[in-house]
Structure formats: C-alpha cells, structure tokens
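Encoded as structure tokens, the structure appears first; notes follow it.
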Protein chains: 2
Amino acid sequence: MLDLKGILEKARPSKDESSVLSSTSEEILSRIKSYCSSNSISAEPMVVGSLSKGTNLSGSDIDIFVVFSKDYSRQDLERLGLKIGHECLPGSKEKYAEHPYVSGYANGIKIDIVPCFKHSADERLISSVDRTPLHTEFIRNNLTDEQKDEVRLLKLFLKSAGIYGSEVRVQGFSGYVCELLVYHLGSFTGAVEWLSTIKGKATLGDVSAIDSSSPLVIVDPTDMNRNAAAAISENSYYTAIVTSRCYLDSPDESYFILPESQGKSAYRERGTEMFLITVKKPDMVDDIIYSQALRLEKMVCNVSSDSGFKVFGTHMIVNGNIEILIEVDAQYLPAFKTHMGPPVISENALDFLKKWEKDPRTLRGPYISGDRLYVEVANENRHFPEVLISGLSRKNIGKHLNPLKDSIKISRINHGDELEILSLYYGRRVCRSHAS
Amino acid sequence: MLDLKGILEKARPSKDESSVLSSTSEEILSRIKSYCSSNSISAEPMVVGSLSKGTNLSGSDIDIFVVFSKDYSRQDLERLGLKIGHECLPGSKEKYAEHPYVSGYANGIKIDIVPCFKHSADERLISSVDRTPLHTEFIRNNLTDEQKDEVRLLKLFLKSAGIYGSEVRVQGFSGYVCELLVYHLGSFTGAVEWLSTIKGKATLGDVSAIDSSSPLVIVDPTDMNRNAAAAISENSYYTAIVTSRCYLDSPDESYFILPESQGKSAYRERGTEMFLITVKKPDMVDDIIYSQALRLEKMVCNVSSDSGFKVFGTHMIVNGNIEILIEVDAQYLPAFKTHMGPPVISENALDFLKKWEKDPRTLRGPYISGDRLYVEVANENRHFPEVLISGLSRKNIGKHLNPLKDSIKISRINHGDELEILSLYYGRRVCRSHAS
C-alpha cells in the first residue's frame, strides 16, 4: 500500500517554508498598500495563485496581483503597475504576459507582481489575467483543507510526468485545472481514476455553453463559456491518461519523484541527421506564438517527408526564438524522385508519357512497373536546408511568421551537442520517472 | 501517312538472305536425313519456327526439329538427338531447354537442332517443345502470305518496344502469339488497334476450356486447354498496350527501329546505393527458375523495405546465375527503427509500455505522439547485406532456391560499373525507340 500521506509531507511546504512564505507575502503586500496610499493610487494588492488557495507545492512562487479600479485606462494600469512593482520589489525585471508585470526575488522566493482590473464573475472580462482573482476566490470557497492536500498530490503526480503547468513549453495541466479536477472528483485518487478511464473525449461540468473541439473540456465555474483545460496539448492529455493507467496498475512512489534532466547522457549513435530550424520569436503573446510555431513544426515535418526525407521526429520549443529540431535519414536527397503516373489503361496515360518523355528533368523512364507508369524526375534541390527553405517558401506559415520567412535559419547539429531542445527530444518518455 | 510497305521491305529478309536461308536449311536437313538412315534412326528432321512459317524477320535463326517416333524412350531421344546435332552441325554447343539440344552456325546463320517426339493435335503432349511442329502446321495452313507480312510488322513493332520473344529474360510476345494475333485480328493494324483498347483483361479464342488468372488469354488452336500468351509478363503486357496507344496516336517509323543499348551512357549520379544479389542458377528448366527468381526479387524488395531501406527499384536477370539488382537509399540503416504502438486509450497500451520500458533494445521511449504510443528499438543489423541475409534467412524463397540460401552473395556495386543488369535497369523506358 502506497503511503500517500508520507508523499504529501514532502509535497507540502514545511512549517518553516510556510512561515517564510507568509511573512514575505505580508511584507510585500504592506509595501504595495503603503505605496498606493502615498501616491493616491486606487488599487488593492492581493496574494493569488496556489499560495493564496492553500494548494501550493513546496518551493512555489508568490503571485501578487494589484487590482485596479476600472476607472483607470489600460495604459495607466500598465504604467502604474510596473512602477509599483519596481518600487516594492527592488531589483525585479519587467516581463510581459497580457499586461506587463515585474518579477523578482525576496528572501530567496520568486515573486511576481502583476497589475489587473477588478471584476466580478458575471462581468465580461477585459483580459484573461483578470480572471485569476475569481479563480482564487472560487477555490478558497469550495475546497476543504483535505482536498487542497489532494490537489498537491495531483500536482506532484503530473509534474513528475512532465505535464504540470500551463506555460506554453509544457502545455500541461494548470494549477487551476488540478483544483477543478479535485473539486469535481473529490480527491487525487478520484481524479486519477477518472483520467484512467477516458476513452477519447472527456468533460467535467455543464458544457452546454461551450463549443470546443478539445478532447478535454473542464468548464470554468467562474465563466461557464470558458474551457479551463483549453491549453492542454494532445500529448499532455494522452500522457495524463496513460500515466494514470500505469499508476493505478501498480502505484509506487516513483510517480511522485521529479525526473532529472537526461541531458547529454541520452545521446547514443543514431545513424541519422539532425537539423535545427530557428525563427526569431515575433513580438506577441505566447499562446498565439505557440499555436503558429506548432503549425510551423507540422509544416517542416510535412515538407521534409513530401520531399523524400524520412522523418524520425521533431521537437519544438519557444524561448528567445522559435526552435524546431528535426531528425531525418540523410543530409541529401537522391538525385531524383520517382513520380507514380496513371495506370497504363487509363485515359491520361498518353498525356503522362508525352509530358515526361520530353521533359528535360526526366532522368529515367517513363517506364512500366506492374500496371502503372512511373518516371524518375531530377530533384531541383538535394541538401536538406535548401529543400526545406524552398518547400516552405511556397507555403503559408501563418500571418505572424510569413514576414519572418527570410530570417529562417537551418543548421545541421550534432547528436551530442549540448542543446536544451536535444535533451528534451532524447528524453521523451511516458512515465518518465521510471526511466533507468 | 506512314509507309508500312517500306518498313516491311526492311523487316522481311532480302531475296539474297532468303536464298541463303533456304539452301542452308536444305543442306542441314539432308545431312540429318542421311545420318539417320545410315544409323537406322527412325526420326524425321523438319524446319520449324518463323522461317518455316514464312513469318521470319531479316536476321532470324534457323530452327530444325528432329521428330522421333514415340517408340523411343526419352533417354534415347536425348542421347540420339545430341549425337545427330553434333554430327550434322560441326562445332555446335549443347544447350538445355525441355530436352537437351545443340546450337551452332552455318553460313553465318545461327542454327538450333532440337529433338522432339511426334504428336498429333488431339494427343496429350509429353513436353511443350513437342508442340512446335503443330504450331508450324497450323500457321502454314491458316495465314495468307499477306498476313505473314503483317506478322513481320507486328514482330518488328514489338521488338522495337523490347517485348518480342518468349525467352525468360524478355517474357514478351512469342512469334506464335504474334501469328495468332494476326490470325484473329487480320493485320498488324488490327492487332495494334485491339491491343490499344484493352482495359484490364483480354481474351482471343474460345476460352471455355482455360482457367487462367493471366490478364491476357490467347487460346492455342492446337490445344484448347493452353493459353499461348501465358509467358507474357505483366510489364510486357502493359508495355504492348501503351505502345499501341502511342503508335495509333501518332504513328511514325521510330516504332519499327530497334533501340540501341543505352549502356553506360545512361548512368548519371543518382545519390543512391546499388547492390547486386547473386545466386547460383539451379539445374532445371528456365520457366521454373524464372518464376522462382521473380519471387526472390519480390522478396528481396519486401525484406529491404520492411527493414527500413527506401527501395527505388529492382531488376532481375537469369544468365549463368540469378542476378538481382536493387537500388536503395543508403548502405546503412539508422541505429533504430520506430515501432508504432497502440492508441493510448486502448486496452493494451499498458502491455506495450511494460514490454518496451524494460526491453534492453529500447533506445527511446515509449513516448506519445498524437494519440498513440511509439518506441524506438535498436536495429540488430544495419549494413544492407547483413540486413537482407538475415531477413531472407527467415523466409521461404522457394523449393529450389532454399537449399542455395547459404550461397547468396551480396555485393555493393558502383553506378558506373559495366554490367548488363545495370544497363538494362537504367535503360527501362516505355516507347524506348523514342528515347533521345
């Protein structure tokens, strides 16, 4: 019998950590309050996120929202929000989500200070960041302390599987989704049992107001039109399902241990070629970049295999740039590709023959194999980077990426290079905590 | 308007050639007759083949059959047949079809002397060679002189397309099939028009006694159970159809000009790898060897592509050995192959995970892509010859070839090597006389 209580003790912050979290957040809140009052700013700071909801894992950040009256313009909110952040968290850096915000450290704890507008659940929201206080309030009011610990177990379980967190590079289960799973299913085990039985699509809550093609729909109780699980990728979704099935089949502590980065050790001689495609990250919110980058990844894969390369896999990350790794069979294509023509007895067999017999690109044929015509046509480009660039030049790679086409860089990389994207690619594994 | 009469003048032996053919065959016949009578052999020589039927092309051979009484045993027929041949055609060599025979030259003309048994059309035949005199008789009695010239045009047309001759390396239209086509369809143009309209299968004659899966069935009027077109390969069949369509679309003299061997000139840098598989030719008749060699060719192709090589083409010839050429993408496979596992939500997803997580051959994964599981498994062999030998060792390559498995030789060859099989492979082309 697995000792979930013992695991929980490690997942939950210790008393010492809790008291530092508590004193640090009180300290920052009081700095902000005093700054606002001295400067006649009508805004109220509040701790949000997992800490405020009592569902935080050991080692979590502090998220503080500064809730502005709706009398402020968006521009003023952003300007004043940054100012408050810099004053009250010295040494912090500016970041950008839906509004700009600051991020820094105090007492060794990472702290984000984010401005937002005040809203109630029945109002149409101005931005999605502004929903966070509503989520905090909902969870505080609707989960028992025991259930909050169940949320911690679920978070740790998903984190161990590499699918906790809604940030674009994970595209996993957000803290709020974990909370809603426990809210609906009662406990960690209830949530995992539910996940393990999913066949195809699944929903939680009254989905009547949601028109979604996502396989997983979890209705946001603070906004019945919103799917709180929309950001979960197909891979994360299926990883959750299969990991839950594995866990229930034979539960053990390894499902709650975070994997170590496999780094370079995962590399073995593979007899393939690796290329890295780099595109400057356009200046826009991550969600949009990510969906376009995913499309580009798919297109890179399709152009490569349509051109005649065997594609073994791709991986995509968004950091300062969009980076796409692709593993293919060779650096160069053969001198020709084989076109399959029509069946010999078909109406257009003669047209095919006439066209290709005269075409200067024909290297062999047209010839017959079985009941069809074939011809071998010279490949215009043969080196992978040229083939890919030429293929992409004819494609629509998305509104925001099209203007950056000319800046796409493709370089051959070595299997043993020390690159984050390589170690993520090599490290792909279901139930990764079991990896030896 | 194409001058078919002018073309016929070149196809038909000149008066000089005809008189040499005639005097030479008379000379050999009289030698055989006199030898048989001096040695009390009850056998009658006769000229068979196209010369005897008046459908011979310029430059054809003389085929002489020595027809033995059925009182002889097969063994005696073979022994005496060779003896007669050597005595009457000095310097000739022994060859082997259904019976052994001799082949040599007289007056610069190639002559075959072949022993056979005497038969009538309503008897069950002992061997297929023995049918030849019946065919000769049928054509002599049923074609007009004008139709014999039409046969010559048809032969030249098919020869130009590379599909005239029933020998196993051509697997094309035999002289007898050409004669039957003109017999049924009246003329060269009638035959070509008929061929051009074929959609899928086609038959000529009363096929009620024939159970054949061949796409083309031409009933042998001397044996209603026999398909005279059985030896025509799929490739030759479809080549005939498409060449007929091309010719009728725009007839010109090039359809009657024999292609020159393309030889080494057809070679261009292809960016591929070529391997030659050689197996000793087993001691048996060509037809059986050929069908087993065709099966082996298909198996070589399937094992290679199932193992992960991209196959661009194969070519097979039977000479002293069975030779199979295969063109593939690389000398070596990658270090791994990717196995697709079951969908994540399927019953057996867990079994797949358990199996491959522990397997020492697993190089990466199991991982999720889309809604399925995948795993990368180390390739046991990577060099083409080893992969192929190991794959073939697990297959049944046919009764007569199985014992020769250990003697299969695989060598890498260069694109520019001077090999007959390479130039045949490079030279593949529909309507080859149009090749520039």
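First the proteins, then the strands, lettered A, B, ... as listed; each starts at 1.
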Measuring from A/Thr197:OG1 to B/Ile345:CD1, what's the distance to the nearest 0.5 Å?
11.0 Å
What distance do B/Glu234 atom CD and A/Arg372 atom CZ have between them, rounded to the nearest 0.5 Å?
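The CZ atom of A/Arg372 is 12.0 Å from CD of B/Glu234, to the nearest 0.5 Å.
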Is any side-chain heavy atom of [X] closer than 4.5 Å to a side-chain heavy atom of [Y]?
X	Y	result
A/Asp329	B/Lys310	yes
A/Tyr238	B/Leu373	no
A/Asp371	B/Tyr237	no
B/Lys354	A/Asp249	yes

Between A/Leu353 and B/Cys246 the two heavy atoms that sit nearest each other are CD1-SG, 3.2 Å
Looking only at heavy atoms, what is the nearest atom pair of A/Phe312 and B/Tyr367, with distance?
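Result for this residue pair: O-OH, 4.3 Å.
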For atom CD of A/Gln331, decide whether the heavy atoms of other residues, nucleotides or ligands shown that lie under 6.0 angstrom number more than 12.
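Yes, the 6.0 Å shell around CD holds more than 12 heavy atoms from other groups.
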Give a yes or no on whether B/Lys358 atom NZ has more than 12 heavy-atom contacts from other residues, nucleotides or ligands under 6.0 Å away.
no
Side chain from CB out, backbone as N, CA, C, O: work out which of these in [X] comes under 4.5 Å of a heavy atom of chain B, or both, or neither.
X	result
A/Arg382	side chain
A/Tyr332	neither
A/Glu273	neither

Pick from A/Thr272, A/Asn235, A/Asn379: which one has the most heavy-atom pairs with chain B under 4.5 Å?
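Ranked by contacts with chain B, first place is A/Asn235.
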Give a yes or no on whether the backbone of B/Val344 and the side-chain of A/Arg245 come within a donor-acceptor separation of less than 3.5 Å.
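Yes, A/Arg245 side chain to B/Val344 backbone: donor-acceptor pair under 3.5 Å.
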Does the Lys NZ or Arg CZ of B/Arg364 fall within the cation-pi geometry relative to A/Tyr425 - under 6.0 Å from the ring centre and within 45° of the axis?
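That pair qualifies as a cation-pi contact.
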Could you look at B/Ser346 and say if it's the side chain, the backbone, both or neither that has a heavy atom under 4.5 Å from chain A?
backbone
